[in-house]
Amino acid sequence: MSEHSNTDQLTFQNPVTRFPSISPPEQHQPEPGLDQKLIPQTDRGQHSYRGTGRLMGRKALITGADSGIGAAVAIAFAREGADVALSYLPSEDPDAEEIKEIIEQSGQRAILLPGDISDREFCEQLVEQAVEQLGGLDALVNNAGRQIAVEDIADLSDEQWTNTYETNIHAMYRIARAAVKHMPAGSTIVNTTSIQAYKPSTHLLDYASTKAAINNFSKGLAQALAPKGIRVNAVAPGPIWTPLQVSDGQPKEALPEFGKDTPLGRAGQPTELAPAYVFLTSPESSYVIGETLNVNGGTPSP
Ligand code: NAD
Ligand code: MG
C-alpha cells in the first residue's frame with residue numbers, strides 16, 4: 001500500500017504539526033518550578049509513549065526526573081521495562097508523585113529520592129540509596145540542571161555562578177564517580193547538555209558554559225570507561241517547554257515566542273526527547289560512544 005492512512009498516527013506524522021506551536025503566556029514560578037502549574041501543560045508522553053522492551057530489567061537513576069525532560073525519560077524507561085529511581089528537589093514532591101504513579105501504572109518500580117545535588121555529600125548518598133533500593137545500577141541519566149537568566153554580567157553574582165556550576169557540572173561528576181563503582185559492563189550514562197553549549201545566549205553565561213563543560217566531560221569520560229564496557233553519551237536539547245523556562249530560565253517577555261525561531265517553528269515537548277535517551281541507554285547503540293545527540297528542531301550544531 002503506497003498511501004499512508006490516518007489511523008497510522010504513530011508511524012507517519014508531520015514534525016511541524018505533531019505538537020502544537022505554543023505561545024505560552026507570561027508567567028513566573030519560584031525556582032525550580034512545577035510542571036503541574038505550567039501553562040500550557042507539557043507532553044511527557046504519559047498518554048503516548050509505547051515501549052517495546054528495549055530496557056527490560058534495567059535499573060536506572062535519573063536526576064531531575066520529576067518534571068520536563070527527565071520525567072519524559074523516566075516514563076519512557078519504565079514503559080521500556082526499567083525500574084527507575086527519581087532524583088529531584090524536595091519542593092518538587094507533587095510532580096514526582098505524579099510520575100511515580102505513571103511508572104507504577106506501567107508495571108515498574110519507581111523510587112523517590114528527594115534531595116539537593118548541589119550538596120556534595122548528598123550526591124554520594126543519592127547513588128548509594130538508588131543502588132540499595134533498585135538492587136544495583138546499570139543506567140544513569142544526569143539530567144538535573146538550573147538555568148537563571150541574568151541580562152547583564154554586572155548583575156551576575158558569585159553565588160549564582162557557583163550554584164549553577166555546583167548543580168549542573170560538579171554534581172554530574174560526583175554522581176558519575178559514585179555510580180561507576182557499582183556499574184557492571186553494559187551499563188550506560190547519558191548526560192543532558194544543551195544547544196547552549198555551542199550557541200550561548202548573552203543572558204545565560206553561567207548556564208551555557210556548564211553545558212559546554214558537560215559535552216567535554218562526556219567525551220572524556222566516554223573514552224575512559226569504554227574499555228570497561230560502560231558507555232557515556234549526551235543529549236543536547238533545543239528549546240523544550242518545561243518548568244525550567246518559567247522559573248527565571250528565560251526573560252518573562254520572551255515566553256510567548258519561545259522556540260519559534262527553530263527550523264520547525266515551534267518549541268519541543270519533553271516526550272520528543274525520550275527516544276534519544278532510550279536509544280543511548282539500550283544495547284542497540286553499543287557502538288555509539290562519546291556522542292552528543294542533538295534534539296533541537298533543526299538548528300545546525302557541530
Ligand atoms: P525541569 O525544570 O523540568 O528539570 C530540571 C530539574 O533539575 C528539576 O526538575 C529539578 O528536579 C532538577 N534540579 C535542579 N536543581 C537541583 C538541585 N540542586 N538538586 C536536585 N535536583 C535539581 O527542566 P528541563 O528543561 O526538563 O531540564 C532538564 C535538563 O534539560 C536540564 O539539564 C536543562 O539544562 C536541560 N535543557 C533544557 C532545555 C529546555 O529548553 N528546556 C534545553 C536544553 C537543555
Ligand atoms: Mg522539576
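We count ligands from 1, going down the list as the structure has it; atoms in each ligand are counted the same way. All figures in this text were calculated on a predicted structure; none of them were measured in a lab.
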Mark yes or no for whether Thr281, through its side chain, and Val278, through its backbone, hold a donor-acceptor pair below 3.5 Å. no
Within a reach of under 6.0 Å around CD of Glu26, are more than 12 heavy atoms found that belong to other residues, nucleotides or ligands? yes
Exactly which residues line ligand 1, taking a heavy atom under 4.0 Å from it as the test? Gly64, Asp66, Ser67, Gly68, Ile69, Tyr88, Leu89, Glu92, Gly115, Asp116, Ile117, Ser118, Asn143, Ala144, Gly145, Thr167, Thr192, Thr193, Ser194, Tyr207, Lys211, Pro237, Gly238, Pro239, Ile240, Thr242, Pro243, Leu244, Gln245, Phe258
Partners passing side-chain hydrogen bond (donor to acceptor under 3.5 Å, both in side chains) against Ser218 (at least two apart in sequence or in another chain): Asn191
Within the distance-only criterion (no hydrogens, no angle test), does the side chain of Lys219 pair as donor or acceptor with the backbone N or O of Gly290 below 3.5 angstrom? yes
Any sub-3.5 Å donor-acceptor pair from Glu132's side-chain atoms to Gln129's backbone N or O? no
Carboxylate-amine/guanidinium contact Arg120 Glu166, below 4.0 Å: no
Which of these passes side-chain contact (heavy atoms from CB on, under 4.5 Å) with Met183: Val131, Asp138, Leu140? Leu140
Applying the 4.5 Å side-chain criterion to the ILVMFWY set and letting contacts propagate, would Ile189 and Val73 be lumped into a single cluster? no
Taking 2.8 Å as the upper limit, name the protein N, O or S atoms near the Mg ion (ligand 2). Asp66 OD2, Ser67 OG, Glu92 OE2
Apart from Phe258 itself, its cluster of hydrophobic side chains linked below 4.5 Å comprises Ile22, Leu38, Trp241, Val246, Leu255
